[in-house]
S.K.: 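Take a look at the following structure, please.
Just so you know, ligand 1 is whichever comes first in the structure, and atom 1 is the first atom listed for that ligand.
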Amino acid sequence: MSEPTDWNQPPRVRVRPPGPRSRRLSARLAGVESRNVTYLADDFPIFWEKSRGSNVWDADGNRYVDLSGGFGVAVAGHRNRSVMAAIRRQIGRLPHGMGDVHPPSLKVRLLEELAAVSPIADPRIVLACSGAEAVEVALKTARLATGKPGVAAFTGGYHGLTYGALAATDRDLFRAPFADQLNPHVLRVPYPHPYRPASELGREDVGAAALSRFEALLDTAEGASVGAVIVEPIQGRGGDVVPPRGFLSGLAALCRSRGLLLIADEIYTGLGRTGRWWACEHESVTPDLVCVGKALSGTLPIAACIGSQEAMDAWPESGGEAIHTSTFLGNPLACAAGIASLREIRKRGLVERAAGEGERWMAELSRTLARHASAGDVRGRGLMIGIDLVKEADTRQPDAELARHVVSEGLRRGWILLAGGPDGNVISLSPPLTLSRALMDRATALLDDLIGEVAR
Ligand SMILES: Cc1ncc(COP(=O)(O)O)c(C=O)c1O
């Protein structure tokens, strides 16, 4: 595929970010938004005004390169022309429908297109308005299909913050204030993190150790209530963790032998990000249910839970009241965006591009950053890459302070970066899959510079 040349401009910083307009907006926001939502500080945030391709512009006219892809959403580039044209066409015809009563005709097309790329043959699908809602649908489906209330979920997992999803998410910060209202039947299982293995897994063959630990947990009283397993094939917000080869296929085999439903949360990884349409494909795994979001429309809020017909038929046939739905289900603008976005991914060969360019960039990052003891691990797949920053190579102690420096100083130079992982020490790269090679190389030099600035 030819290199996309459009809208891959280098940063252009005119006013030191955050500039005066962003600062004024921060002050106004503090007067109207709940204080929990937007992090406001001297060096954060900038307010976005415009976007195109790999670039975004802020309220002060600075141009940035977005290495986060707007939380991994903008796979075909921000404000992708074809997707925008589809939304414009649709807005002139039908901007809202009655999703589960008198649906917009586009809902049928989006579901057909999604079914055509689904990793599950002849699937049945439920649309949702956010990733977390798609997870809710998966968890409800599992409850109906298995008759069991329990769910196994992994350490470091992130599945969203609504109550059902939050029970499966593993981060105390999010869970602790609501712990007494969460599904008590969640079995927490260690995820095989090759760089930071849980002590109970040892250091050798963490994938196999995680599988035996899981099997042992299933044999406890707590394990008896488990009907389903929810897993990210590659953990995203948990710090871009790629489990050892064989883990996912082993997990799928275990689920089959124990009669458990396998839910793959591909909200971050799905639709090309990892160099395959689905991250499960790296191990030829076919889950029972798959959650997809972010890249589905590349722009508007829409997500889906895709399931085997057998699992999905556990839902009762609607007699006029769907037992899971919502006002904006199958919103026609989001459906139009979804159809156009799927077409762009296919037409521009973005899955293949993520595989090829991702591999090249990750090798380059590993080579360049090897000179910094604080760049403990560079890992990922496709264009989902994490740089694990540590205080010392030997102890692997997470260095969140260095990550904060990289994010904040990167912003000042015109690069949008995010720090992830439970300790906030992993620089997480999930750019548009259209990011040019030239910008990848500039980003490598930037990270080399920023990491090197803080001598340890
Ligand atoms: C793997 C995974 N699952 C679920 C979610 C939740 O999606 P949303 O934020 O759209 O609710 C996310 C969001 O980052 C995610 O990465």
Side-chain angles (χ1 to χ4, degrees), residues 36-38 66-75 119 126-142 151-171 173-175 178 182 186 191 193 228-243 248 262-274 278-280 282 287 289-306 324 326 328-329 331 334 337-338 341 380-386 418-422 424 426 428-431:
N36 163 66
V37 182
T38 309
D66 179 16
L67 294 180
S68 81
F71 303 130
V73 167
V75 282
V126 179
L127 289 176
C129 299
S130 70
E133 197 202 344
V135 170
E136 301 287 330
V137 174
L139 295 173
K140 284 181 170 180
T141 307
V151 181
F154 287 89
T155 53
Y158 185 87
H159 303 287
L161 300 182
T162 53
Y163 270 118
L166 182 58
T169 288
D170 182 34
R171 186 91 63 93
L173 174 72
F174 302 135
R175 293 169 53 89
F178 313 106
L182 299 177
V186 171
Y191 195 78
H193 191 325
V229 183
I230 183 164
V231 66
E232 292 164 88
I234 295 174
Q235 286 189 339
R237 292 199 65 188
D240 301 284
V241 183
V242 186
L248 205 61
L262 180 61
I263 307 170
D265 181 348
E266 294 240 20
I267 286 162
Y268 203 126
T269 52
L271 303 177
R273 165 92 21 224
T274 71
W278 306 98
C280 279
H282 291 287
L289 298 167
V290 179
C291 299
V292 57
K294 297 184 183 288
L296 178 53
S297 79
T299 172
L300 295 177
I302 189 164
C305 174
I306 306 172
H324 182 97
S326 65
F328 292 104
L329 181 142
N331 171 266
S341 185
R381 207 159 248 174
L383 283 168
M384 177 173 178
I385 300 174
L418 285 178
V426 180
S428 201
L429 307 172
S430 55

S.K.: With sequence neighbours left out, write down each residue that passes ring-ring contact (aromatic ring centres under 6.0 Å, His included) with Phe71, or none if nothing qualifies.
M.R.: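 Applying ring-ring contact (aromatic ring centres under 6.0 Å, His included) to Phe71 gives none.
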S.K.: Could you pull out all residues at least two apart from Ile385 that satisfy side-chain contact (heavy atoms from CB on, under 4.5 Å)?
M.R.: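 side-chain contact (heavy atoms from CB on, under 4.5 Å) list for Ile385, sorted by chain: Trp361, Met362, Leu365, Val378, Leu429.
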S.K.: Pairs of nitrogen or oxygen atoms, one from ligand 1 and one from the protein, closer than 3.5 Å: please tabulate them with distances.
M.R.:
| residue | atom | partner | partner atom | Å |
| --- | --- | --- | --- | --- |
| ligand 1 | 3 (N) | Tyr158 | O | 3.3 |
| ligand 1 | 3 (N) | Asp265 | OD1 | 3.2 |
| ligand 1 | 3 (N) | Asp265 | OD2 | 2.7 |
| ligand 1 | 10 (O) | Gly131 | N | 2.9 |
| ligand 1 | 11 (O) | Gly131 | N | 3.4 |
| ligand 1 | 11 (O) | Ala132 | N | 2.8 |
| ligand 1 | 14 (O) | Lys294 | NZ | 3.1 |

S.K.: Could you pull out all residues at least two apart from Phe174 that satisfy ring-ring contact (aromatic ring centres under 6.0 Å, His included)?
M.R.: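 Testing Phe174 for ring-ring contact (aromatic ring centres under 6.0 Å, His included), a comparison that skips the adjacent residues, returns Tyr158.
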S.K.: Return yes if a side-chain donor-acceptor contact under 3.5 Å exists between Asp170 and Thr155, otherwise no.
M.R.: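 No, because no side-chain N or O of Asp170 sits under 3.5 Å from a partner of the opposite role on Thr155.
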S.K.: Would you call Trp278 and Thr269 a side-chain contact if the rule is heavy atoms closer than 4.5 Å?
M.R.: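 A side-chain contact under 4.5 Å is absent here.
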S.K.: State, yes or no, whether a side-chain contact exists between Val151 and Leu139 at a heavy-atom distance under 4.5 Å.
M.R.: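 They are in side-chain contact.
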